[in-house]
Structure formats: structure tokens, C-alpha cells
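First comes the structure, then the notes that go with it.
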Amino acid sequence: MSDPVRVRFAPSPTGYLHVGGARTALFNWLYVKRHGGTLVLRIEDTDAARNTPEALAAILDGLRWLGISWDEGPEVGGNYGPYFQSQRNDIYDRYLQKLQDTGHVYEDGGSIRFRSPKVPVTVHDQVCGDITIDRSHEPDMTLRRPDGSYIFHFVNVVDDIEMAITHVIRGEDHLMNTPKHIELFQALGAPIPVYAHIPLFQNADGTKMSKRDQGASVVSYQDNAFLPAAVVNYLCLLGWSPKDDREKLTVEEVVALFDWDHINRSPSKFDYNKCLWLNSQYLAELDEAEFLRLATNWSNEHVPALAAQANEALTAALLLCKPKLKQLPELAEHLTMIFDDEAPLEETGRTKVAAQPNGQGNLAILTSHLKAVTDWTADHIQAAIQAAAGEAKVKPGAMMFPLRLLLTGAGHGVDLLPALVLVGQDAVLRRIDQRLRLIFPD
RNA sequence: GACCUCUUCGUCCAGCGGUUAGGACACGGCACUUUCACUGCUGUAACACGGGUUCGAUUCCCGUAGAGGUCGCCA
């Protein structure tokens, strides 16, 4: 029997949950699920000045939203707590004493430094391979500040020892820290965990992703009502591959395949567009009830004006929108086109229709046919359009674009016939009349 | 500047000592749809450069260039 697998994700609650951090958490989680083990969530909040409860809440909330659950840590407890570094000072004191007793540290202007062995250190990294780093000419690292507070490297290693961590999966930005950490493990006589450093994300233009960049913050996906499964799927595809042609995979499928040799070594640029595409794929396969639940929630929250709409009308409209959506927020635009008589008229469409030969006359013919419909159903409306086209001597298809524009103000959108039915004859004729005057002012 | 890592279509990801170098996003075309989309089919598009090793290198080695990371009493 080998030791039980214990991996940890150790965020610092200083800002927000970065999508790169989320991916690191995800890979830790995937590893645990793949090999069986325990995921420890440890909060590295030693820098009191920069930590906020809001940031912590955002991190926990973001992880939960993505479905990344932890077995030990904040809110769930565990046998290796406390899981906040700010509460572990006595442990750090004890470990520092060990180093003092064995002569590994020395005092320097009130701070405590580690006496580095000054020999090259080889990191056996599961992703990057063996990397030997010689930092013998660099200054000794500080472990404790004059005010008694501890430095990241020290607490990080002490906690990994104390929490019996066996695998460290973290961003490549930590690769050059690893020799320092290995020196500490050795000085403390503790086994060195298995390391895996995973490549970082970049913006599409190759620059570093920071908070304000599109897609950088997990909250932005929550705010835009992405489906977590889609985001997780996309995150898995960045830097990892099933090694076949699959793009859309469930987490279960990823778990079954997750391993080091599937992880890429080069940094990847974040393609928000592809993430959006995956979201549309997941959205499309939602069943009606689930879609309506999500869509109704979203529209109630973001388009409160629709509260006045009858439930059946709203439901019908939402279902009409479903096949068009890449993401839920597009609902706002579609619903406005359906329900708002005064939705703005698209300029490019206006110009196009205004320029059509005989446009005004043809649309007058169409209007009169629509007016004459006595039973306002899709079949009868279609017949009316056909008849109007015949009389105007144009193809029925040529009637569709102008009609769409007159109905919704836009040249694209939901399926036209059902939309006409939904809006109702009176409102349709009213809108046609209004917008016709905008298009042909004379 | 020093050290570490990386380099296949615009992007993500496969691949391999001999392939018409494959898939996906994006983009274009066609079909379907009397509309908008979806979908299907299809097209454009890549092995950073220079040396080796080899019968043969995109694939292995070395160098160059470019990119990223790290060089804190931040985490």
C-alpha cells in the first residue's frame, strides 16, 4: 500500500479567483478524483494587510460554482487544521525552533534567514521533467521578518509537511521557488512531495491575464450565467488533452483520462470565443425545464421590465430564444425585440430596406395582407406572406427580411413566424406602421 | 542582466524517423431553412530559423531567434 494521496490547493485571498487559479484548483481536483485521495484547501492569508473576507468568499464561491469540492479546509474542517495560515503561528514557531536547533538558520538584522546548502537542486517534475537549478549565488531566503511574521516559502513547506501533502500541483510561476522548498523539506527531514507545475494562461494577445481582462475572473462567468460544466470543459482543454479528437467532454470522462502525460508544457492563450462556443453547446442540450428555470431566473434578475409579461408569453419567448443563444445574457436583446414595440431600428437594416426597389409599395401590399388575416396562426400568416409576395411579384424570401426588421427592429433574431404569432396581430400591425414611417419618412 | 521553461494553421489541441501533417474555435463557400440561427458538407491556413545525426527529419541532438516564467523581509 502506498501512502494515501493528499493534494492541496492553496490560494491567497487577496483579490479574486483568477481563471488560472481555478484551473490549478481544477487540476488538483481532477488528480484527486482520478487517483482517489484527499483535496485540501488551505488559505494562505499570512499577509494580513492584503487579505479580505470578501476575497475569501469569492474564492470559495467560485470553486463551488465550478463544482470543485474540497475534502478538508474552510467550512468543512478536517484533522489537519486550522486551514488558515493566520491561525497556525504556533506550528511555524515550533518548526523554526527545529531549524534553529539544527543550525539551519541565522539572524540577520532582526529577521531570520535560512542557511542554504548552496548546491544545485534537481526538481523531479511530473510535467516538466528533471530540472536542475543552481541558485548557490543567490542570497539566503528569509523565513521570518523582524516583526515575527513568516514568509511564504517557510509556511508553505511547513504546512505541506504538517498536512501530509503528497502531491503539489501548482502554476509554473512556482517552478523556480521549488528548489527553495526542497531545501527546506530536506533541512526539516521531511519527504519531498511529488511536484507538477502546469503552464500559465495568457490573453489572446500573449499578455498576462489580469483582473480586468475578458474572462480572467471566475466571477465574470458567474455574472454572465455561463454553465459551469461548459467552463470546466473549456478549462480542461487548455493545457490538457484527451489525446483524441473530442472537444466536448464531461468531467467524468476527463477524470478517467487525467494524467501527467496529457498535460501540455507550453503556456496557452485564452480563447474566450471557444469557451463561449462550448457554452452554447451545453446550453443547447439543456432540457426544456432546466433551461426555463435558468432563463427565467436570469431574465427576472436582469430584465425586470418583463415582470409585466404574462407567464405563458414569457415562457414561449424564452423557448423561442433557446436555439439562438450562446449565452444567457443574449436573452436581453432577444426579449426586447419580442416584447418592446419601440425596440431600436437597426441602421444597416433600415438602409437596406429603404434601398430595395419598389420596397415601399411591396411592404404596403404585405401590410394589407397581414391586416386581412382573420385567424392569426403561423399557417395563415405564412399564407398571407406568400400571397403578398405573389402580388408584389417577388420571392417570399424577399419579404422575410423587411418583415423581420419591421417586427423587431433587427435583421437577425428568433424564428420569425412563431415570433409574429407571439407578438399578436394588433402589435405586429402597430409596429409595422411605426417603423415603416421611420424607414420611409416622406 | 542571470537562471529556468516553451515554440505544429490566427487560437486551442493531436501527431510522427517515411502521413495528402489530423480535429476544434474563428473565418469563407455550398446545402438545408420561403426568414434568423442550428446542423451537415466544404475551403483558406501551420511544423520559428540554422546546423548536425540519418537512406530519410516536423519528429532526435546542438545552436540562434522569439515568447513566457523567476530572480522580495509578496503569495
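Here is the naming used below: chain letters follow the sequence lines, and residue numbers restart at 1 for every chain.
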Please determine whether any donor N or O and acceptor N or O are separated by less than 3.5 Å between the side chain of A/Arg265 and the base of B/U5. no
Answer with base, sugar-phosphate or nothing: what part of the nucleic acid does A/Leu200 contact at a heavy-atom distance below 4.0 Å? sugar-phosphate
Using a 4.0 Å heavy-atom cut-off, does A/Gln382 contact any base of the nucleic acid, only the sugar-phosphate backbone, or nothing at all? base
Looking at the base of B/A14, is there any donor atom on it, or on the side chain of A/Lys243, that sits under 3.5 Å from an acceptor on the other one? no
Between A/Arg350 and A/Glu347 (salt bridge meaning N to carboxylate O under 4.0 Å), is one present in this structure? yes
Under 6.0 Å between the ring centres of A/His124 and A/Tyr195? no
Measuring only the C1' atom in each nucleotide, how far is B/G56 from B/G1? A whole number of Å is fine. 42 Å
Using a 4.0 Å heavy-atom cut-off across all strands, classify A/His197 as base, sugar-phosphate, or nothing. nothing
Given the C1' atoms of B/G51 and B/C12, what is the spacing between them in whole Å? 32 Å
May I ask you to check whether A/Asp93 and A/Tyr150 show a side-chain donor-acceptor distance below 3.5 Å? yes
Can you find a side-chain donor-acceptor pair between A/Glu162 and A/Tyr95 that sits under 3.5 Å? yes
Could you check whether A/His153 and A/His181, counting side-chain N and O atoms only, form a donor-acceptor pair closer than 3.5 Å? yes
Would you kindly check whether a donor in the side chain of A/Glu247 faces an acceptor in the base of B/G23, or vice versa, at under 3.5 angstrom? yes
Give the rounded distance in Å between these two atoms: CG of A/Leu417 and P of B/A37. 17 Å
Say you pick atom C1' in B/A75 and the same atom in B/A21; how far apart are they, in whole Å? 43 Å
What's A/His137 touching, base or sugar-phosphate or nothing? Going by heavy atoms closer than 4.0 Å. nothing
First of A/Ile131 and A/Ala398 reached from the 5' end of RNA chain B, by closest nucleotide: A/Ile131
Heavy atoms only, 4.0 Å cut-off, all strands: where does A/Gln281 land among base, sugar-phosphate and nothing? sugar-phosphate
For B/U70 versus B/C13, give the span between their C1' atoms, rounded off to a whole number of Å. 27 Å
With rounding to the closest Å, how many angstrom separate the C1' atoms on B/C47 and B/G15? 11 Å
Taking only the P atom of each, what is the distance from B/U42 to B/A48 in whole angstrom? 28 Å
Need one value for A/Lys208: base, sugar-phosphate or nothing, where a base atom within 4.0 Å counts as base even if backbone is also close, heavy atoms only. sugar-phosphate
Nearest-Å distance once atom P is located in both B/A57 and B/A24: 31 Å
Residue whose closest nucleotide on RNA chain B lies nearer the 5' end, A/Gly206 versus A/Cys128: A/Cys128
Which value, in whole Å, describes the distance between the C1' atoms of nucleotides B/C9 and B/U58? 14 Å
Could a donor-acceptor pair under 3.5 angstrom be found where the side chain of A/Asn177 meets the base of B/U70? no
